[in-house]
Amino acid sequence: MKKYLQKSVCIIVACMIFSGCSRQPVVYQKADTAMGTIINQTIYVSGGSGNGQAISEEVISCINELETEYLSWRLDTSEVYQINASAGNGQKAELSGLLGDVLEQCEKVYTASDGAFDFTVGKVAGLWDIDSWAVMQTPDAFIPPTDEEISGALAYVGSDKCRLEAGYITLPEGMELDLGAVGKGLALDEVQKVLAGREEVSGAVISVGGSILTYGSKPDGSNWNVGIVNPGDTSQNLGTLSLAGEWYISTSGDYERFIEKDGIRYHHILDPHTGKPADSGVKSVTIICTAGSGISGREGLYSDALSTACFVLGVEDGLKLAEEFGAEALFVDAQDEIYMTEGMKQYFHLSNAEK
Ligand code: AMP
Ligand code: MG
């Protein structure tokens, strides 16, 4: 009888350990390229790493679909491409539910930032040919546009010149939508829905270029640590954000895409009022928005739009703009000084080397 009891206890304990293990999340990590940038995924998932692989593939499909069906200005399959192609034909173009919503949110940031963020910056961005910088053999091949060329292109920029009504947009001739400043953040909003639809996922960190989503929690319950690049030395982190739960983090920096010629750094964040790389005295801006912060379930989009807008505005006006949207902001200026919203101070920890 005693032997029988001992055997039963052993079987029960083994079952408990076994069933416990199968519910225990495993970590699945993957790096890919999509949307012209690097996508890093860390997913805590129950039921084995096969689930992690399947979910990470869904995430990549979601990002690719967003690019090819909605946002790309290069692929003729996308809605943005078709709207740009129809500019000036006098007809209003019908918007999908997704793009209609995105443009509505973008218009709010355009207005609140006095045009520092402008989703019709396409003509000027095209003039600077930003994508070609990365493949140029030498900066000598780079010829900055002339002031005349810039003022010519600026005639086609200004979100207030396009007509946005429920479900439709009308673009004047020559105007080009450019959603490059919100695409990566928007991708995070869509990826969040993929993760939320899979109950096997208990936590994840997904980065799409300079935008990062933290989702759920780690198995040990500790906070997510997200490094912020030191714009003065991009091989180092300036510090770390310690965040619990769901956050959307976007950084706009002059080190992300640039070309240097004759001692001048030309970067990819343009001031829509001058048509030139923004010169507001900042090197980088990081914006963080949490889930449910009251900005329409598009916190990823807002973090991205605001990081671009704040970069163009500079520290003083940028801090005000971030606070207006209930977002937290961290600026690094040209002298490597750090400025933050009050709320950011509880999340940001300076790296030891910098203290
Ligand atoms: P980000 O890296 O998020 O700041 O976005 C920069 C990209 O957005 C550029 O590569 C341009 O395609 C576009 N862009 C540049 N300046 C602006 C601006 N002021 N407002 C909106 N989009 C911009
Ligand atoms: Mg942005």
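Heavy atoms only: backbone and side chains are in, while hydrogens, waters and symmetry mates are out.
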Sequence-distant partners of [X], side chain to side chain contact (heavy atoms under 4.5 Å, CB included), two or more places apart:
{"X": "S61", "result": "none"}
{"X": "E69", "result": "E65"}
{"X": "E342", "result": "K345"}

Contact between [X] and [Y] at the side-chain level, heavy atoms closer than 4.5 Å - yes or no?
{"X": "D101", "Y": "L99", "result": "no"}
{"X": "Y215", "Y": "V191", "result": "no"}
{"X": "Y248", "Y": "D189", "result": "yes"}
{"X": "M344", "Y": "L241", "result": "yes"}

- [ ] Test V208 against every option in I38, I63, N40 by the side-chain contact (heavy atoms from CB on, under 4.5 Å) rule and name the one that passes.
- [x] I63
Measuring from atom [atom1] of [X] to atom [atom2] of [Y], what distance do you get when rounded to the nearest 0.5 angstrom?
{"X": "I288", "Y": "T290", "atom1": "CD1", "atom2": "OG1", "value": "8.0 Å"}
{"X": "Y339", "Y": "E316", "atom1": "OH", "atom2": "CD", "value": "10.5 Å"}
{"X": "K123", "Y": "I150", "atom1": "NZ", "atom2": "CD1", "value": "15.0 Å"}
{"X": "I43", "Y": "L195", "atom1": "CD1", "atom2": "CG", "value": "6.0 Å"}
{"X": "D118", "Y": "D160", "atom1": "CG", "atom2": "CG", "value": "7.5 Å"}
{"X": "K108", "Y": "L301", "atom1": "NZ", "atom2": "CG", "value": "10.5 Å"}

Which pair of non-hydrogen atoms, one from [X] and one from [Y], has the smallest distance, and what is that distance?
{"X": "P231", "Y": "S284", "result": "CG-OG, 3.6 Å"}
{"X": "A112", "Y": "E324", "result": "CB-OE2, 3.6 Å"}
{"X": "M340", "Y": "L319", "result": "C-CD2, 3.8 Å"}
{"X": "S113", "Y": "L313", "result": "O-CD2, 3.8 Å"}
{"X": "L179", "Y": "C106", "result": "CD2-SG, 4.4 Å"}
{"X": "P272", "Y": "L270", "result": "CD-O, 3.2 Å"}

Open item on the list: Other residues, nucleotides and ligands only: do more than 12 of their heavy atoms fall within 6.0 Å of CG on D279?
Closed with: no
Open item on the list: For E199, is the CD atom crowded, meaning more than 12 foreign heavy atoms sit under 6.0 Å from it?
Closed with: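 No, not enclosed.
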Among side-chain atoms of [X] and [Y], is any donor-acceptor pair under 3.5 angstrom?
{"X": "S250", "Y": "S307", "value": "no"}
{"X": "E323", "Y": "T341", "value": "no"}
{"X": "S56", "Y": "Q53", "value": "no"}

Could [X] and [Y] be called an ion pair, given the rule that one side-chain N must be under 4.0 Å from one carboxylate O?
{"X": "D131", "Y": "R74", "value": "yes"}
{"X": "E190", "Y": "R298", "value": "yes"}
{"X": "K276", "Y": "D147", "value": "yes"}
{"X": "E94", "Y": "K92", "value": "no"}

Open item on the list: Let me check something: do V194 and L71 share a hydrophobic cluster, defined by ILVMFWY side-chain heavy atoms less than 4.5 Å apart, either directly or through other members?
Closed with: yes
TODO: Determine whether Y168 and L171 fall in the same hydrophobic cluster, where Ile, Leu, Val, Met, Phe, Trp and Tyr are linked whenever their side-chain heavy atoms lie under 4.5 Å apart.
DONE: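 Different hydrophobic clusters.
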Pair up each side-chain donor or acceptor in residues 26-33 with any protein partner under 3.5 Å, not counting sequence neighbours, and list the distances.
{"unit_1": "Q29", "atom_1": "NE2", "unit_2": "T42", "atom_2": "OG1", "d": "3.1"}
{"unit_1": "K30", "atom_1": "NZ", "unit_2": "D32", "atom_2": "OD1", "d": "3.0"}

- [ ] Quick one: list whatever passes ring-ring contact (aromatic ring centres under 6.0 Å, His included) with Y266, sequence neighbours left out.
- [x]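 ring-ring contact (aromatic ring centres under 6.0 Å, His included) list for Y266, sorted by chain: W128, F142.
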Task: Check against side-chain hydrogen bond (donor to acceptor under 3.5 Å, both in side chains), E176 and Y156 - done: CA-CA 8 Å; E176 289 173 22; Y156 302 104; over 6 Å; no
- [ ] Under the salt bridge (charged side-chain N to carboxylate O under 4.0 Å, His left out) rule, what do K283 and D333 come out as? Steps first, then yes or no, please.
- [x] CA-CA 5 Å; K283 287 182 181 171; D333 78 359; over 6 Å; no
Task: Aromatic centroids of F311 and H267 separated by under 6.0 Å - done: yes
- [ ] Please find out if less than 6.0 Å separates the ring center of Y347 from that of W247.
- [x]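 Yes, the ring centres sit under 6.0 Å apart.
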Open item on the list: I'd like to know if the side chain of S72 and the backbone of T68 have a donor-acceptor N/O pair within less than 3.5 Å.
Closed with: no
- [ ] Over 60° means perpendicular and under 30° means parallel, so classify the ring planes of Y110 and F119, tilted if in between.
- [x]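 Judged by the thresholds at 30° and 60°, the geometry between F119 and Y110 is perpendicular.
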TODO: Enumerate the residue pairs fulfilling side-chain hydrogen bond (donor to acceptor under 3.5 Å, both in side chains) with a member in residues 75-91, sequence neighbours excluded, ordered by first and then second residue.
DONE: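 Matches after skipping sequence neighbours: E79-S96.
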